[in-house]
Amino acid sequence: MNQVNDRSRDIGAFVPAPDDDMIICRCEEITKGEIRKAVHDGMFTMTEIRRYLRTGMGLCQGQTCAKLVKGIVARELGISPAELEPATSRVPMRPIEMHIFANEAK
Amino acid sequence: MSNCAEVVIIGGGIIGCATAYYLAKKGTSVIVLEGSDHIGNGGSSRNGGGVRQSGRDPRELPLVMYGINHYWPTLSEELEVDCEYHQDGNLRLGKTEKHLQILQGLTDRAVAVGLDVRMIDSDEVRAINPYLSEEVIGASWCPTDGHANPLTTTLGYYKMARRLGVHFITGEKVKELRKIKGKLRQVITENNVYEGETVVLAAGLDSRQIAATVGIDIPMQAAMLEALVTEAEPHMFDQMLGTAEADFYGHQTKHGSFVFGGSSGLEGFTKDNGTPVTNSLTAPCICRGIMKYFPILSDAKIVRTWAGWMDKVVDGVPVLGNVEEVPGLVLACGFTGHGFGIAPSAASQLAELIVDGTTHVDLTDLRYDRFKAKI
Amino acid sequence: MKRYDLIIVGAGPSGLSAAIEAARRGLNVVVFDENEKPGGQLFKQIHKFFGSKEHKAKIRGFVIGEQLLKEADEAGVEVVLNATVIGLYQDKEVVVRIGEAVHHYKGDAVIIATGASENMVTFDGWTLPGVIGAGAAQTMMNLHGVKPGNKVLMLGSGNVGLVVSFQLLQCGCEVVALVDAAPKVGGYGVHAAKVARTGVPFYLSHTIVKAEGEECVTGVTIAEVDSHFQFIPGTEKHFDVDTICLAVGLSPMSQLLKMAGCEMEDNPKRGGQVPICDEYGRTSLPGVFVAGDVSGIEEASSAMIEGRMAGIVAAEYLGYMEKEELDSNLVDLDKALDGLRQGMFAPKNRGKDIETTDEGIPVSKNLLKHGFVADDEIERFPGVTHAKGIHPVMECTQNIPCNPCQDACPKHCIRIGSNITALPAVEEGSECVGCGMCVASCSGQAIFLVDETYEEGYASITIPYEFLPLPEVGAKGNALGRDGKKVCDAEVISVKSIPAFDKTNLLTMKVPTEYAMKARFYKEA
Amino acid sequence: MESRIAEHPILGVPEKGKKVTFTYNDTQVEGYEGEPIAAALKAAGLMVHRYTKKEHKPRGIFCAIGRCTDCVMVVDGKPNIRTCVTPLKEGMKVQTQYGVSDKPFAEQ
């Protein structure tokens, strides 16, 4: 079992930090404190953090903050960032207007 | 950590998480086994967020109505997360006379079981939602329907269940169920054996294969559904939307983005490469569908598309409750793509069934023993 | 659906190189790039590249970009710009947004060459307008002709931070400080030295405490950090700036590969999330290849070789080339790539403390701490010698893969040898004629011509000079030392600009003899 | 201070399209046709492109290559336009974006 799979794993209590109000996800304005708290609420994977808080779900789709969020989550869990799989990338790679997406060239 | 609990739940989606939560509230010890690495990774995080009564089969209608009356209005406070629940009605839109006939049929059936739903004309539709195109000529209207955020709701149940001491284990794929002395007791995974007095099977599509290991066959199959989400837009409307043609459904979220699901007609035959991946033809088709109803959204940018498997049961309603042949097994699967809105009441009733032996809502019509040949 | 033999995503150095090689072997190739202009980051690279001839050394990045485009055109490659690949689906289907429509294409092979994106760091105020990525600075000044700011603080002493700092100076910005939380300069010493000698102070073991300002950046406070990267109270320093530039590394832009179901790994040595692939870019998906930064952060020079490799590997995959031909082609490319991956900055040496050069000379500690080699350290390097009359002084003190100076000298005064990373040395018995070709050819701007007997009591020093306005002959100003501080008065005695120097002007100044080995930059008084 | 580079030591005199006028909120600003809107704003010393939805904080150019989407503004009435990759045209209407709207928060 990898370290993230046991959701009852003891990661200690949430301890407030002075930089908890630092914006991490610029698009959705999610702070470091919100991310850290989410980990203590059981969100142990990048995918869960993303779905719970919307980090990386804004216009840039996590291109700016993915690495930063990963580092914060890993630190809170006491594991290496490399152990955390990034959230799935999804089409479209760049935001695309509905009328353009709808217009398939023959 | 012990591998034994009073109840072992297979599946960490909204049904599994919510059932665990209601059981734990009753003081029951619970282990939840999730096959993927993430909680709520199946339909729970891929659906359109509808909390609907209209358009449902009369057999499941009492259950979802119970949830809308008893659970949804206070769910955000209860789960300490913003479920973004809006009870601002559901419009099911029609563009042709044929559509209106379909809607009338659905409406008649729902009214018969006591749901407040009625047909409205194009003026009334636009009074409710002024952004709709001229093509819309009528709709069915259920004012007590609504929508919520499936991601925060699912993970909210998980969070609270975990807080109440439920053990969740992800990445734990169940291979086999095993009866001991005539009663289902063991749940066997790749590396572990778990034991419970009761085993709840809430593994979505995987449930069929798992149930088969104790000789139970649930008549369901996979169908692919796809959805997409736009960038945030200024607030426009709060209703849940669907269409008679079922070419799209969705709503505007609290965040401002629009979540829409839809179909290209190809999804029943999508190549199964093991993961639900989007088809390149579907999202453009959904966009074309949306623009027919909402030309105003044609400049809205799509930021994400995704796909999910639905556990489609032969008669379109979930399989809930005990299975006589296998004492100890409780089924909670086959929600057929509309399991989100019904999840709180389904889960609470299962918890009642397991702990108290009786339920507030009669689940008889949803039991496994309902499947019969047509003649 | 329109089908190509090979679809390449990304028209940067690796993508174009792959396209050229594949098209030359007869493949029907298309390259899609979301940008208005091709070349990836090459068109923002205005410095001369390192390496040797085969790596296009001493050619400026944007010129390499033009060359690649011409080659691609001649080879029959179709390059489609403003073409955003929005998805890589099953069966190697590439969906591209072009103009007002989406297009579906299939490739029998696909090469993903999407490059990298910039890493970011957080600090109080990091979302304020005026805090920008180093890439943004390059884009604004080198593509759009707009200065990114007037007073800039650079965070990051890797090659990007150093190169962009120099570019900022070239376009007329003031760089008030170059800051890095690491205790040592991360990039090439020669890049650091050319920045330091203009007077930019380096603050290693420092990082940003906060960006100040309400509506946009008006100032910045930095402070020293301890070995655990925690601020040391009382070490704060304030600067008035309007721009803070972040150059804190790159991450592979590998999302398309993950989307397509490629096996991925998080590999810190490669800069983050990368596809699992072999040395020639073959991924876990048959027919899907990668090249360049997307499979591991390196330099544009290595990206071009990786691209060529992926191009011919794809050609062989599709039967346009026999296995034997592929293998023989790869031998040379392997050698070229291996050449770039040598020396102190080789991928295998990342994170290592290197105390001495390959020649056994202790490295300059001052260079790592302050960005310049101290006067009492410089004489121990083989390029720094004294001689009668004019002679080259090569202040190249680290083993990096680069040798244009060796070929530049018509009199063969400079010797590197077959090992491309060896430090340049003066060939004994050779005679310098003072042509200055070595000065102009040195990508690191580390070669000077010194004549300690220029005039009674005076020495002449020829320096590379890539700034405007160009000082005039006879101008009197200050000679700055390697540390950017004034060492003495200086008089400009010659300014040479010939096409062969490729925009590196050679400025010769006259200083008192005792400063011949100290003065390394000229600034108007 | 002038932030257009008149002549660059390596790149020479920047090649620019024809001079055009566009509006930034209520003021007339000059730029060059075809350059990104963001470059024209930067050259005019205009730093703030938008104010964020939740915290109403100012944002401007960050990545300049269309990835981070921090520089979005309301352009010709459409919100969320990446100004760093959108070419400038004569008469364009460029407005500060508040959340996802061109209306200041007090008016929303």
Side-chain angles (χ1 to χ4, degrees), chain C residues 34-36 41 43-44 46-48 60 62-63 82 84 117-118 120 125-151 167 169-173 213-217 242-243 246 253 465-470 497 502-505, chain D residues 1-17 30-73 82-88 96-97:
Chain C
E34 64 175 320
N35 296 292
E36 195 187 352
Q41 304 311 302
F43 282 88
K44 302 170 195 174
I46 59 171
H47 63 280
K48 293 176 178 173
R60 295 184 192 273
F62 67 98
V63 179
N82 292 312
T84 308
S117 59
E118 293 184 277
M120 291 301 158
W126 78 294
T127 60
L128 273 176
V131 179
I132 59 172
Q138 282 191 309
T139 305
M140 294 309 278
M141 61 191 169
N142 297 340
L143 287 189
H144 306 313
V146 175
K147 286 202 287 184
N150 291 312
K151 297 179 89 161
Q167 292 174 3
L169 296 165
Q170 286 180 300
C171 81
C173 305
E214 288 296 319
E215 291 288 284
C216 55
V217 173
D242 54 31
T243 303
L246 308 178
M253 211 156 53
Y465 194 86
E466 293 187 352
F467 301 94
L468 288 178
L470 215 47
S497 315
D502 186 17
K503 306 214 165 62
T504 305
N505 308 289
Chain D
M1 204 182 288
E2 179 51 51
S3 54
R4 294 231 181 239
I5 301 165
E7 190 184 354
H8 190 283
I10 309 299
L11 299 167
V13 177
E15 279 176 38
K16 284 287 178 188
E30 281 189 338
Y32 293 96
E33 188 174 68
E35 70 180 353
I37 297 168
L41 292 173
K42 173 77 203 161
L46 300 165
M47 300 289 287
V48 179
H49 289 219
R50 67 182 181 111
Y51 292 90
T52 60
K53 194 164 103 181
K54 275 195 202 167
E55 302 197 353
H56 302 186
K57 289 283 163 50
R59 295 284 174 85
I61 298 170
F62 189 55
C63 83
I65 51 171
R67 298 217 179 107
C68 77
T69 64
D70 245 352
C71 68
V72 297
M73 299 178 82
R82 296 175 297 165
T83 56
C84 70
V85 289
T86 304
L88 182 67
T96 306
Q97 183 168 318

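Residue C/Phe62 touches chain D through its side chain alone, counting heavy-atom pairs closer than 4.5 Å. For C/Pro148, the part lying near chain D is the backbone, with the side chain staying farther off; criterion is any non-hydrogen pair under 4.5 Å. Neither the backbone nor the side chain of D/Glu15 comes within contact range of chain C, judged by heavy atoms closer than 4.5 Å. For C/Cys171, the parts lying under 4.5 angstrom from a heavy atom of chain D are both the backbone and the side chain. Only the backbone of D/Ala38 comes within contact range of chain C, judged by heavy atoms closer than 4.5 Å. Within the 4.5 angstrom heavy-atom criterion, atoms from both the backbone and the side chain of C/Thr127 approach chain D. Looking at D/Arg59, the atoms closer than 4.5 Å to chain C (heavy atoms on both sides) sit in the backbone and in the side chain alike. Interface residue D/Pro58: backbone and side-chain heavy atoms are both found under 4.5 Å from chain C.
Residues of residues 44-53 of chain D having a heavy atom under 4.5 Å from any heavy atom of chain C, listed by number: D/Met47, D/Val48, D/Tyr51.
Between the SG atom in D/Cys68 and the CE atom in C/Met120 there is a gap of 7.5 Å [rounded to 0.5 Å]. To the nearest 0.5 Å, atoms CD1 (D/Ile5) and NZ (C/Lys147) are separated by 7.5 Å. Atom CD of C/Glu36 sits about 10.5 Å away from atom OG1 of D/Thr86, to the nearest 0.5 Å. Annotation: the span from D/Ile10 atom CD1 to C/Asn142 atom CG amounts to 9.5 Å, rounded to 0.5 Å. To the nearest 0.5 angstrom, C/Ile132 atom CD1 is 12.0 Å from D/Cys84 atom SG.
Put simply, of C/Met141, C/Gln167, C/Lys503, the one with the most heavy-atom pairs under 4.5 Å next to chain D is C/Lys503. Residue with the most contacts toward chain C among D/Lys57, D/Arg67, D/Arg4: D/Arg67 (heavy-atom pairs, distance under 4.5 Å). Between chain D and the residues C/Ala136, C/Gly135, C/Ser117, the largest count of heavy-atom pairs under 4.5 Å involves C/Ala136. Ranked by heavy-atom pairs shorter than 4.5 Å toward chain C, the options D/Ala64, D/Pro9, D/Gly60 are led by D/Pro9. Most heavy-atom pairs under 4.5 Å with chain D, from the set C/Gln138, C/Glu34, C/Arg60: that is C/Arg60. Put simply, of D/Cys63, D/Pro14, D/Pro87, the one with the most heavy-atom pairs under 4.5 Å next to chain C is D/Cys63. Contact tally against chain D (heavy-atom pairs below 4.5 Å) for C/Glu214, C/Gln170, C/His47: the top residue is C/Gln170.
Counting only distance, with no hydrogens or angles, the side chain of D/Lys16 and the backbone of C/Gly145 share no donor-acceptor pair below 3.5 Å.
At a threshold of 4.5 Å between non-hydrogen side-chain atoms, the residues D/Ile65 and C/Lys44 count as touching. Looking only at side-chain heavy atoms (C-beta outward), C/Ile46 and D/Leu11 come within less than 4.5 Å of each other.
The minimum heavy-atom distance linking C/Val131 with D/Phe62 is given by the pair O-CD1, 3.1 Å.
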